[in-house]
Amino acid sequence: MLPEIRKDPLSGRWVIVAPDRAVRPQDLLAANQGEKGLRPCPFCPGCEEDTPNEVLALRAPGALPNDPNWRVRVIPNKFPAVIPDVPPAPLVWPELRSNGLPGVSLPGRGVHEVVIESRRHLHSNTQQSNAELAEVLAVYRQRLRQLETAGEWRYGLIFKNVGFAAGASLEHLHSQLVALPIIPAAIEEALRATYDYYQEHGRCYFCDLIQQEQRQAIRVVAESPGFIAICPFASRFAYETWIIPKSHAAGFSAAADESLSDLAQVLRSVLLKLERGLDQPAYNFAIRTVPFDRLRAEHYHWHIEVFPRLTRLAGFELSTDFYINIARPEDAATLLRQA
């Protein structure tokens, strides 16, 4: 069954309906239930025939595509939420139209890929060296640049799920990339807010935020020459941490080569602090960047958001989009700094 993208007319929120995702492998579910996980792992070298053909890989010179000699590998998701090969025409639901309801439905067009971040069967970026993690970040950047120039997509999101509670289905170190023909509502909201701030103050909100957090020094988790990690003032999740480049740039795809090693060091440090301070929590992280057509935006500033999954979203959060945080960001930053 083809995926579908539907828009809620009241909230403006987009929803992807993708029934085929329900059959994806779940070795972490098996482990969570006390059973042995899936073996062999489809992301380990030697199992390339179990995955779709790669779209990008870091390999030794002369190595053939899809052979086991790789360091980082990007493949189409075998159980995608969106797919590229569907017509772009809007779908029509007669029962909605006949009742006069303003339902909007689009084919589930897009790109959904998996970035296999290591040939070793690791479960955390903290098990990699800084150089290995910098290679992963370079692959993220390269793939985003390729999708930007394709001209078909408006937004690209790179995200990671670690642990069963964070939505991961396989243990082997990996992340995901989704490119969409629409801009998600949360991104549109952030773009509007930062644009309004820029219009009023003539400055980027994030650039001002960095200066404020450096002055106060109570929510800073880590800092390097090019990046700062903070627990934001109104964190939605306990121990939520943002990693922000100190130099203004709207899009992650514009990150300079020399900055990736610095970013890898800070990201690895933050994840290590979370693992040590919170006893190996499940977590998600996402790279928040601008839409492909706004790479020169003066009002937006790309960053990475890390969300430990220490509590479950319950009725209040799901019905109001209003979050309850069980840890003061100032206390969270103190614990993580010391971890």
Side-chain angles (χ1 to χ4, degrees), residues 3-9 11-16 18 55-56 74 76-77 80-84 86 88-90 104-113 115 137-160 175-200 203-209 232 236 242-245 247-256 259-260 263 284-307 321:
E4 190 177 344
I5 302 174
R6 301 182 182 182
K7 185 176 185 180
D8 175 56
S11 66
R13 183 183 300 115
W14 292 95
V15 176
I16 297 175
V55 296
L56 175 66
V74 184
N77 195 307
V82 288
I83 56 178
V86 292
V104 176
S105 178
L106 303 172
R109 294 184 69 246
V111 174
H112 191 176
E113 297 174 346
V115 182
L137 295 171
V139 167
Y140 290 166
R141 185 187 61 177
Q142 181 176 349
R143 194 66 191 116
L144 280 178
R145 286 176 174 177
Q146 291 170 341
L147 291 165
E148 286 168 10
T149 59
E152 293 186 73
W153 318 113
R154 298 191 66 193
Y155 192 76
L157 174 68
I158 290 170
F159 65 96
K160 179 192 286 287
S175 43
Q176 299 181 60
L177 185 153
V178 174
L180 297 168
I182 55 177
I183 301 173
I187 303 302
E188 289 277 23
E189 184 178 353
L191 288 167
R192 283 194 297 269
T194 54
Y195 178 78
D196 290 345
Y197 185 92
Y198 186 85
Q199 290 296 105
E200 181 176 353
R203 301 185 303 274
C204 164
Y205 167 80
F206 286 94
C207 292
D208 280 1
L209 175 65
R236 292 161 292 173
W242 293 4
I243 302 171
I244 311 171
S247 297
H248 180 84
F252 173 74
S253 62
S259 73
L260 296 182
L263 175 58
N284 307 96
F285 79 61
I287 298 179
R288 293 277 206 162
T289 186
V290 287
F292 291 150
D293 60 353
R294 307 185 202 181
L295 294 176
R296 298 187 181 278
E298 292 294 328
H299 61 90
Y300 195 76
H301 197 124
W302 77 265
H303 57 287
I304 296 177
E305 299 182 2
V306 186
F307 317 107
D321 201 24

**Study point:** Side-chain heavy-atom pair I243, F285 within 4.5 angstrom cut-off
**Key:** no
Check your understanding: Got a donor-acceptor contact below 3.5 angstrom from the H301 side chain to the P245 backbone?
Key -> yes
Exercise for review: Starting from the C-alpha separation in whole Å, work towards a yes-or-no answer on side-chain contact (heavy atoms from CB on, under 4.5 Å) for F206 and H303.
Suggested key: CA-CA 9 Å; F206 286 94; H303 57 287; 3.4 Å; yes
Check your understanding: Are side-chain heavy atoms of Y205 and L209 found at a separation under 4.5 Å?
Key -> yes
**Study point:** Nearest heavy-atom neighbours spanning L147 and A179
**Key:** CD1-CB, 4.0 Å
**Study point:** Main-chain N/O of R203 paired to H299 side chain as donor or acceptor, under 3.5 Å
**Key:** no
Exercise for review: Have a look at S253 and tell me which of R145, E148, R143 forms a side chain to side chain donor-acceptor pair (under 3.5 Å) with it.
Suggested key: E148
**Study point:** For the student: nearest non-hydrogen atoms of A250 and L295, plus distance
**Key:** CB-O, 3.5 Å
Check your understanding: Taking Y155 for the side chain and T289 for the main chain, is one N or O donor matched with an acceptor at less than 3.5 Å?
Key -> yes
Check your understanding: Is the backbone N or O of D8 less than 3.5 Å from a side-chain atom of R13, with the two atoms forming a donor-acceptor pair by type?
Key -> no
Check your understanding: In terms of ring plane angle, is the pair F252 and W302 parallel, tilted or perpendicular, where the classes change at 30° and 60°?
Key -> perpendicular
Exercise for review: Check whether any side-chain heavy atom of R288 sits under 4.5 Å from a side-chain heavy atom of W242, and report yes or no.
Suggested key: no
**Study point:** Minimum heavy-atom distance between P181 and R109, given as atom pair plus value
**Key:** CD-O, 3.2 Å
Practice item. List the atom of I5, the atom of P107, and the distance in Å for their closest heavy-atom pair. Key: CD1-O, 3.8 Å
**Study point:** Backbone of N77 reached by a side-chain donor or acceptor of H112 within 3.5 Å
**Key:** no
Review point. If you take all heavy atoms of I304 and I287, which pair is closest and at what distance?
Key: CG1-CG1, 3.9 Å
